[in-house]
Amino acid sequence: MAERDIPWHISVDDHVVEPPGLWWDRLPAADRERGPHVVRDTCETVNERETLRVNYVKGGDGPATDWWVYEDLAKPVPIVVACAGIPVEQHNTDPINYADMRPGCYQVAPRLEDMDLNRTERSLCFPFIPRFCGQMFLEAKDKDLALRCVKAYNDWMIEEWCAPSGGRLLPLGLIPLWDPPAAAEEIRRNAARGMLAITFPEMPHHLRLPSIHHPSGYWTPVFEAVDETGTVLCMHIGSGSRMVETSPYAPRAANTAMTFAMAQLSMVEWLVSGLLARYGNLKITYSESQIGWMPFILERLDNCFHHPAYAELPDVITQPPSSYVPGRVYGCFFDDTTGVRNRDTIGVGQLLFEVDYPHQDTTWPHTAKVIERIAEQVTDAELHAILRTNAMGLFGLKPLAAALR
């Protein structure tokens with residue numbers, strides 16, 4: 001397929017590095033020093049060889065960098081988080097200053113320019129500083145201030161990040177995970193002004209929160225709010241603050257290859273929870289988890305359904321688990337030949353495309369090469385569905401007023 005025939009794509013998983021003034025500019029003056037803000041200090045980067053964890057020592061023996069500070073937290077931005085435009089051989093976990101980042105990492109106009117370079121029509125951006133589903137605020141001591149920070153983030157996302165983009169940057173919000181009634185209120189507040197989706201943990205109990213199965217119905221206010229408003233629940237790998245645990249001293253490739261593992265477990269749990277049967281308008285996505293693993297999981301779950309003696313599924317599940325996937329459960333990928341090859345088993349309508357700008361996995365600015373490989377496997381109609389129309393249907397997007405060239 002010639003490049004000119006390839007449609008502009010919609011990326012449902014990109015990232016923003018929050019600009020330094022986000023909370024400083026939006027919180028009341030009395031909260032500014034207590035809320036997340038940026039300071040300058042030296043940084044020593046310590047890599048643990050056994051676990052591959054990376055620790056940063058503020059004031060340690062290393063170069064000066066920009067630090068985000070909030071309560072007891074001090075956090076720099078690693079190069080791999082903001083490495084768009086940096087040669088792959090220079091990707092590492094050392095800190096990077098805002099002045100050294102590509103401006104599209106945190107500024108709207110340059111981001112749109114970078115999207116143009118890549119033929120990315122629209123983009124849904126996950127947070128970085130608060131972590132993928134706002135864990136930073138969940139772990140905060142002052143929950144009143146944390147709630148104000150969540151609201152400030154959502155206000156910034158809608159008013160400053162997305163509003164100036166002409167509909168090209170799609171609003172994705174946070175919720176106060178520690179207070180489901182307040183979370184439901186925030187979902188409704190933001191849905192009324194165009195918020196399309198919220199981030200949600202893959203496995204809440206890894207965050208010491210009740211699971212989606214908890215008898216108390218802890219998450220009921222959230223599920224009712226998203227069902228009512230059509231807000232999509234987006235679960236990014238790592239949003240449960242835990243990845244698969246590889247053996248000590250294992251090469252990083254083992255961890256990298258298994259980044260989908262928690263998404264796999266999460267999808268299994270959602271499909272057996274009964275929540276998709278109870279809430280007919282509830283929709284979920286799995287971001288950056290790829291899709292090649294999904295066909296086997298669907299087959300395995302359906303086999304369990306036909307053996308009720310050991311499946312012990314909720315009574316509300318009256319159909320095989322895979323029957324709750326169409327129009328409800330979406331897999332997101334940036335380069336997955338195996339998944340595309342098995343698209344009919346998953347359902348072409350459940351596949352969403354992503355670019356992962358500006359992280360180390362991003363295909364930017366050469367996403368067209370990936371799309372050309374996909375185009376060799378699928379029909380024109382399937383290609384348009386994967387790249388565009390599935391996302392438009394999920395998020396209720398209308399064609400942009402001005403065509404992109």
Side-chain angles (χ1 to χ4, degrees), residues 133 175 177-188 191 196-236 239-240 261-287 289 291 293-332 345-352 390 393-396:
C133 67
I175 59 172
L177 296 166
W178 63 93
D179 188 341
E185 181 178 338
E186 188 66 0
I187 290 167
R188 292 186 175 97
L196 304 175
I198 59 168
T199 62
F200 194 78
E202 296 169 300
M203 302 295 292
H205 77 281
H206 288 168
L207 302 178
R208 298 182 179 179
L209 291 167
S211 77
I212 62 173
H213 315 285
H214 201 277
S216 69
Y218 176 87
W219 295 108
T220 296
V222 170
F223 298 151
E224 289 177 345
V226 296
D227 186 64
E228 171 193 321
T229 61
T231 302
V232 180
L233 286 182
C234 296
M235 292 176 277
H236 195 284
S239 60
M262 292 302 168
Q264 183 182 60
L265 180 56
S266 175
M267 192 179 85
V268 167
E269 295 210 5
W270 270 89
L271 288 176
V272 301
S273 69
L275 292 168
L276 294 165
R278 293 188 183 99
Y279 300 102
N281 197 36
L282 193 158
K283 302 177 180 66
I284 62 176
T285 71
Y286 287 98
S287 303
S289 59
I291 56 175
W293 50 271
M294 293 177 68
F296 170 74
I297 287 299
L298 297 178
E299 177 184 339
R300 180 63 176 154
L301 282 174
D302 285 356
N303 287 340
C304 290
F305 173 81
H306 294 296
H307 292 79
Y310 66 80
E312 298 181 354
L313 293 169
D315 292 340
V316 72
I317 297 181
T318 59
Q319 301 295 325
S322 66
S323 66
Y324 298 98
V325 170
R328 312 292 301 285
V329 181
Y330 294 79
C332 312
T345 304
I346 306 167
V348 173
Q350 304 315 117
L351 307 184
L352 302 174
N390 289 345
L394 171 62
F395 295 112

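You'll find the side chain of Trp270 reaches within 4.5 Å of the side chain of Leu282, heavy atoms only. Residues Val272 and Phe305 have side chains not in contact (no heavy-atom distance under 4.5 Å, counting atoms from C-beta outward). Residues Trp219 and Pro204 form a side-chain contact, since some pair of their non-hydrogen atoms from C-beta on lies under 4.5 Å apart. Inter-residue side-chain proximity for Leu271 and Leu276 is flagged as met; some heavy-atom pair is nearer than 4.5 Å. Side-chain contact check for Arg328 versus Ile284: every heavy-atom pair is 4.5 Å or farther apart. Counting only heavy atoms from C-beta outward, the side chains of Leu298 and Met267 approach each other to under 4.5 Å.
At distances below 3.5 Å, not a single donor-acceptor pair connects side-chain atoms of Glu202 with backbone N or O atoms of Met235. Judged by distance alone, the side chain of Thr285 and the main-chain N or O of Ser287 form no donor-acceptor pair under 3.5 Å. Within the 3.5 Å criterion, the main-chain N or O of Ile212 finds no donor-acceptor partner in the side chain of Glu269.
Summarising the geometry of Phe200 relative to Val222, their closest heavy-atom pair is CE1-CG1, 4.4 Å, with the distance given to 0.1 Å. Residues Lys283 and Leu394 approach most closely at CD-CD1, 3.5 Å, considering heavy atoms. Of all heavy-atom pairs between Ala191 and Thr231, the closest is CB-OG1, 3.9 Å. Of all non-hydrogen atoms in Gly327 and Gln350, the two that sit nearest each other are N-OE1, 2.8 Å. Looking at every heavy atom in both residues, Ala263 comes nearest to Ser289 through CB-CB, 3.4 Å. The minimum heavy-atom distance linking Pro221 with Ala184 is given by the pair O-CB, 3.4 Å.
Here salt bridge (Lys or Arg N to Asp or Glu O under 4.0 Å) pairs that include residues 299-311, with residues two or more places apart or in two chains, number zero.
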- Task: Given side-chain contact (heavy atoms from CB on, under 4.5 Å), test Tyr286 with Met294 step by step and report yes or no.
- Result: CA-CA 11 Å; Tyr286 287 98; Met294 293 177 68; over 6 Å; no

*May I have the step-by-step check of side-chain hydrogen bond (donor to acceptor under 3.5 Å, both in side chains) for Ser216 and His214, ending in yes or no?*
CA-CA 5 Å; Ser216 69; His214 201 277; 2.8 Å; yes

- prompt: Should Val226 and Tyr279 be marked as a side-chain contact (heavy atoms from CB on, under 4.5 Å) after you check the CA-CA gap, both sets of side-chain angles, and the distance that decides it?
  reply: CA-CA 9 Å; Val226 296; Tyr279 300 102; over 6 Å; no

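Take Arg278 and apply the salt bridge (charged side-chain N to carboxylate O under 4.0 Å, His left out) test, not counting sequence neighbours, and it matches no residue.
Counting non-hydrogen atoms of other residues, nucleotides and ligands closer than 6.0 Å to CD of Glu228 gives a total above 12.
We find the CZ-OH distance between Phe395 and Tyr330 to be 9.0 Å, quoted to the nearest 0.5 Å.
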